[in-house]
There are 2 protein chains.
Amino acid sequence: MDGDGVLRIGELSKRSGVSPELLRAWERRYGLLRPVRSTGGLRLYTPADVERVRVMRRHLSDGLAAAEAAALALRADADDQAAPTALRPDAVRDDLADALEGFDEPRAQAIFDRLLAVVTVETLLGDVVLPYLHELGDRWQRGDASVAQEHFASSIVRGRLLGLARGWGLGLGPTAVLACLPGEQHDLGLIAFGLALRARGWRIVYLGADSPIETVEEISRRRDPSLAVLSGVSGERLQPVVPQLRALAGRQRLAVGGAAAANGVLDDSGALALSGDPIAEAARVMALVGDGGEPS
Amino acid sequence: MDGDGVLRIGELSKRSGVSPELLRAWERRYGLLRPVRSTGGLRLYTPADVERVRVMRRHLSDGLAAAEAAALALRADADDQAAPTALRPDAVRDDLADALEGFDEPRAQAIFDRLLAVVTVETLLGDVVLPYLHELGDRWQRGDASVAQEHFASSIVRGRLLGLARGWGLGLGPTAVLACLPGEQHDLGLIAFGLALRARGWRIVYLGADSPIETVEEISRRRDPSLAVLSGVSGERLQPVVPQLRALAGRQRLAVGGAAAANGVLDDSGALALSGDPIAEAARVMALVGDGGEPS
DNA sequence: GGCTTCTGGACAAGAGCTTGACAACTCGCG
DNA sequence: CGCGAGTTGTCAAGCTCTTGTCCAGAAGCC
């Protein structure tokens, strides 16, 4: 499925039939594509970009103006995720919820298998897994779901997500280091975020739950990533480490994700707050890092 | 089918159609091949390497950049492996340690892939993963390994083990419920134990880290397992819950695993102590439950 | 001894990058 | 109809990055 790796502009040109100059022009003028950059500054495109260029061309040959065609191509992209027909996301979600809450691992795995055969990882995350995790969290807070159910479900989802994560350290794109704040055990959102970045061509170094800040510092020195992301669900986790974060943000582009980032605790720390859902934030990060480039 | 001896670079070049200079360049730049060396320092390749070079060439002719093609070839390696040479467990373990401690996820995954093509899950656990985890724990205590290395390595190992665990709830065998004691975050040993039981035909219901005892109780009621296992590395975790365990042991065959079970805290609780290594204990549990049969 | 291989660096061709310009085209309007 | 203004595909110059190839001297192998 995402077996294809990233493409450089020449190859995208060949596959889409659009000259490199024009591809760059479309990017500059309409933001049609927003490729990740390699360490050397080369544009790296994903297979999804090939499709987007195709849509653009189709609209052009329908007689639309370039600006118009680009706008449509960009929107089509969003619609695409909203309408994978055949499968009704909420139905699948209910199905999954039912399986997980009945402690029925085989059935839950089967649902994942069936889904992955039809949709992209991103759709899986955005339409099924993340909404389900939210729902489960809410129900747990209301006392409608037991700790047992929450534990069981998390374990299975974690296993599947980590399975999808295989090989996410590989490739040419920019590198992101991902870790949970000290004391934080909720890692599923962070893994989802990593998968979303991966789908856009990034390389991921994943440290997991409850990581001391020094840990992130060490990796930053060794791998010089384009971005380090710390994640946490509660502000209490964040408060005590803000000074450390400020120091780290001095030498390393830094972001904090999850609900912990929501209330302006980070305001003058130099770290970016990513309090939205993982997929949206991955898209945002793309834009920022793409624009800003690397601070040497 | 294998048995083929090793190849020197000239021979590999002839078979793969890639010049020796280029093969060396690919090794240096992308780590595509990692040949063992003769005593004199000559590179010695296996037939599997021929295949890998072929994959690389195919990706190149698909128009991918060399660096990207190499990355994919390294991952694709997973799918079809021909002849993974003689595998000496300690050598592999060192290799794995090296990859994990260098934060090199792709290489670590490749090592797992190569291993799994030849050995059973049980061998993988017993000869490589568990010893490595022990070693890492020791080094970490001595200060020879950093927290970052420990986190990174755990994440990858956890991902792989959970991947192997897929579908372990399926089947007809006796059911075991597995959970970590409250507050306990070390789940790798428990997962390994689950895999060992699975290899013997059990069904596993896995609850994961930091599980309240009530959680286990709830599942026991709903699934009526043949055994429930709680795991922890330190006795401190165990002490406070002994009364609860005693109560639970009244209606449910119960065991406690990990170092926490070592000192006679459990003596009169009715719970079985499993303080040895996961695989040996899985074998022991088989014998016990096999003998005793199912209570009603 | 003759052929192969090793290391490490160097090199050149080609692909890509950015900035800025430019000509063909479309379109609204007097 | 002709004209200015905006749109859009293409091009160029000067640099950087990537990648296949080459070299020289030392050493291995049969």
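Chain A is the first sequence line, chain B the second, and so forth, proteins listed ahead of strands; every chain is numbered from 1. Just so you know, these numbers use all the heavy atoms, side chains as well, and skip hydrogens, waters and symmetry mates. From a predicted model like this one, the values you see are computed outputs, not experimental measurements.
- For the pair A:Trp202 and A:Met286, the minimum side-chain heavy-atom distance is below 4.5 Å.
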How would nucleotides 23-28 of chain C be written as a contact map, 5' to 3', with B for base contact, S for sugar-phosphate-only contact and - for no contact, using protein heavy atoms under 4.0 Å? ------
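- In this structure the side chain of A:Ile213 reaches within 4.5 angstrom of the side chain of A:Leu245, judged on heavy atoms.
- At a threshold of 4.5 Å between non-hydrogen side-chain atoms, the residues B:Leu161 and B:Leu125 count as touching.
- Here the side chains of B:Glu68 and A:Arg8 are not in contact, with every heavy-atom distance at 4.5 Å or above.
- Protein atom CG of B:Leu44 is 11 Å distant from nucleotide atom C1' of C:dT5, rounded to whole Å.
- Checking the phosphate oxygens (OP1, OP2) of D:dG9, no side-chain nitrogen or oxygen of A:Arg57 falls inside 4.0 Å.
- Taking atom CZ of B:Arg37 as the reference point, atom P of D:dC29 lies 12 Å away to the nearest angstrom.
- Here C:dT19 presents its C1' atom at 14 Å from CD of A:Glu27, a figure rounded to the nearest Å.
- Using the six-membered ring where Trp is involved, A:Trp168 and A:Tyr206 have ring planes that are tilted, between 30° and 60° apart.
- At a cut-off of 3.5 Å, with distance as the only test, a side-chain donor of B:Arg160 or B:Gln109 sits close to an acceptor on the other residue.
- Side-chain atoms of A:Gln244 and A:Glu214 include a donor-acceptor pair closer than 3.5 Å.
- Rounded to whole Å, the distance from OH on B:Tyr45 to C1' on C:dT4 is 13 Å.
- For the pair A:Arg37 and A:Arg43, the minimum side-chain heavy-atom distance is below 4.5 Å.
- Rounded to an integer number of Å, the gap from B:Leu7 CG to C:dT4 C1' is 15 Å.
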Under a 4.0 Å heavy-atom criterion, the protein footprint on nucleotides 12-28 of chain D, written with B, S and -, is -----SSBBBB-----S
